[in-house]
Q: 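Here it is: the structure, laid out below.
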Amino acid sequence: MEQRHLGRTGLRVSRIGLGTLTWGRDTDEHDAAEQLKAFWDAGGTLVDTADVYGGGEAEYLLGRLMERLVPRQDLVLSTKAGSVPDPDRRTDGSRGHLLAALDASLARLGTDHVDLWQLHAFDPHTPLEESLQALDIAVRSGRARYAGVSNFCGWQLAKAGTWQLGGDRTRLAGAQLEYSLLQRGVEREVLPAAMDLGIGLLPSSPLGRGVLTGKYRGGTPTDSRGASETMAPFVEPYLDDAASRIVDAVATAADGLATTPLHVALAWVRDRPGVTAPIVGARTARQLTATLSVEALSLPDEICRALDDVSAPVHRYPDHDWSTL
């Protein structure tokens, strides 16, 4: 699998990453082991997790698999901290919480460092410079090799990325946000800020939460996330008429290229300007292997333009040059 630099840093990652959102909850140890082995065999290196995935079970499971299945040094291990299971305060970006969470993640993962450590979300109740200081401490102490953020909007990313370029601070290597043909909101301000600051984008849900595979065109399959009690609310926003038109266009492109809608949708986001590596999840190793076979596919320019047009978000003032309005 092709390797790409994450932002303006020396960190190289596979251009498809493996997500572990469901590990320890919907994905058991056997299925997780098969997925990790298939990913590694395909040349994948970037494995993404978080301290809250499965209530910590995803990290624990990944740590066990690294002990006996895949060498730690062959993986680019990424985790996140800052999300908390508190309905009154969904994020805690305080320095104390973040560093304690990192230590707990390292213990669960069974390693002395992660390759990329990210703030999981912006905390409006904590000064941003305090949260960012935790990233600096983590890198200086050797507990993290590189730092990044997740789910930051445009002004938050611009402020954080610029702040980290000053003084003896750790520059942001990556930003993880949802990005797909069904969700192009990052193109308004996040992506321009990331590209200007040399921050690599790591798209999550690059298949539109599974909808872009076309599996929901005839209804909701019983074995899909859309039929799951825990994941149905996650999928439901992308089952409207607007999404259906985009899914139909992806399916048409797939037919013309003799490939699958999954491959078309994934290749589109993988090769967008500013993108380093989409993060994909799977239910089974077989499903993951089919996904990773996208490596050989590059979309023709005319297909990309057609998909751009059918999924184009509305960008008006002040996102576009005011003189054109």
Side-chain angles (χ1 to χ4, degrees), residues 1-3 13-80 105 108-111 114-116 176 202-216 221-232 234-235 259-263 265-267 269-270 277-297:
M1 192 182 300
E2 180 184 321
Q3 304 289 303
V13 302
S14 53
R15 66 173 178 170
I16 298 291
L18 175 62
T20 63
L21 174 65
T22 62
W23 285 24
R25 187 186 62 201
D26 301 323
T27 304
D28 62 21
E29 184 168 352
H30 177 266
D31 288 336
E34 288 193 334
Q35 287 186 34
L36 185 60
K37 184 64 164 55
F39 182 67
W40 181 54
D41 287 343
T45 61
L46 176 61
V47 181
D48 178 76
T49 190
D51 62 345
V52 293
Y53 290 175
E57 286 299 312
E59 288 182 330
Y60 178 68
L61 184 50
L62 181 54
R64 288 183 50 158
L65 296 179
M66 287 191 298
E67 278 185 0
R68 60 180 175 83
L69 189 65
V70 175
R72 167 67 182 90
Q73 64 269 21
D74 286 0
L75 299 180
V76 177
L77 191 57
S78 170
T79 193
K80 300 179 279 294
S105 288
R108 285 189 291 268
L109 290 164
T111 184
V114 292
D115 299 288
L116 178 66
Q176 185 172 334
L202 300 171
S204 58
S205 296
L207 300 176
R209 307 182 184 184
V211 175
L212 286 165
T213 64
K215 70 173 67 175
Y216 297 98
T222 56
D223 61 347
S224 68
R225 289 182 177 180
S228 162
E229 183 177 348
T230 56
M231 298 300 290
F234 182 66
V235 176
T259 185
T260 66
L262 182 155
H263 285 160
L266 185 54
V269 71
R270 180 198 65 195
I279 308 297
V280 300
R283 287 187 296 105
T284 66
R286 182 177 179 180
Q287 187 183 72
L288 178 63
T289 299
T291 300
L292 297 178
S293 64
V294 73
E295 182 68 13
L297 177 65

Q: Is it true that a side-chain atom of H263 and a backbone atom of A296 form a donor plus acceptor pair closer than 3.5 Å?
A: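 Not confirmed, H263 side chain does not pair with A296 backbone.
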
Q: Just by distance, no angles: are the side chains of S105 and E59 close enough, under 3.5 Å, to form a donor-acceptor pair?
A: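 Yes, a side-chain donor-acceptor pair sits under 3.5 Å.
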
Q: Working to the nearest 0.5 angstrom, can you tell me the gap between Q35 CD and T22 OG1?
A: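 The OG1 atom of T22 is 6.5 Å from CD of Q35, to the nearest 0.5 Å.
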
Q: Test of understanding: with side-chain hydrogen bond (donor to acceptor under 3.5 Å, both in side chains), list the residues that count as partners of T289, not counting sequence neighbours.
A: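 T289: no side-chain hydrogen bond (donor to acceptor under 3.5 Å, both in side chains) contacts found.
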
Q: Could you pull out every donor-acceptor pair under 3.5 Å between side chains of residues 61-68 and any protein atom, sequence neighbours left out?
A:
from : atom 1 : to  : atom 2 : distance (Å)
R64  : NH2    : E29 : OE1    : 3.3
R64  : NH2    : E29 : OE2    : 3.3
R68  : NH2    : E29 : OE2    : 2.8

Q: I'd like to check Y216 versus V235 (side-chain heavy atoms, cut-off strictly below 4.5 Å). Are they in contact?
A: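 Result yes, sub-4.5 Å side-chain heavy-atom pair found.
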
Q: Counting N and O atoms only, with roles assigned by atom type, does the side chain of K80 sit under 3.5 Å from a partner on the main chain of T49, one being a donor and the other an acceptor?
A: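 Here the side-chain-to-backbone pair exists.
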
Q: Taking side chain as C-beta onward, heavy atoms only, is E57 less than 4.5 Å from T27?
A: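 Counting from C-beta outward, E57 and T27 never come under 4.5 Å.
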
Q: Quick check against the 3.5 Å criterion: does Q3 have a side-chain atom that pairs as donor or acceptor with the backbone of S14?
A: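 Checking the backbone N and O of S14 against the side chain of Q3, a donor-acceptor pair under 3.5 Å is found.
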
Q: Should W40 and L18 count as side-chain neighbours, where that means a heavy-atom distance under 4.5 Å?
A: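 Counting from C-beta outward, W40 and L18 never come under 4.5 Å.
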
Q: With sequence neighbours excluded, tell me which residues meet side-chain hydrogen bond (donor to acceptor under 3.5 Å, both in side chains) with S205.
A: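 Listed in chain order: nothing, the list is empty.
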
Q: With sequence neighbours excluded, what pairs up with D41 under the salt bridge (charged side-chain N to carboxylate O under 4.0 Å, His left out) test?
A: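 Partners of D41 by the salt bridge (charged side-chain N to carboxylate O under 4.0 Å, His left out) criterion, ordered by chain and then number, come out as K37.
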
Q: Using side-chain heavy atoms (C-beta onward) and a distance below 4.5 Å, is F39 in contact with V280?
A: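 No, side chains not in contact.
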
Q: Go through the structure and list residues passing side-chain hydrogen bond (donor to acceptor under 3.5 Å, both in side chains) with D28, not counting sequence neighbours.
A: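 Applying side-chain hydrogen bond (donor to acceptor under 3.5 Å, both in side chains) to D28 gives none.
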
Q: To the nearest 0.5 Å, tell me how far L116 CG sits from L46 CG.
A: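 Going from CG on L116 over to CG on L46, the span is 7.5 Å.
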
Q: Can you tell me if R209 uses its side chain to pair, donor with acceptor, with the backbone of F234 under 3.5 Å?
A: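 Yes; judged by distance alone, with no hydrogens or angles, the pair exists.
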
Q: Check side-chain hydrogen bond (donor to acceptor under 3.5 Å, both in side chains) between E295 and all other residues, then give those that pass, not counting sequence neighbours.
A: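 Testing E295 for side-chain hydrogen bond (donor to acceptor under 3.5 Å, both in side chains), a comparison that skips the adjacent residues, returns R15.
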
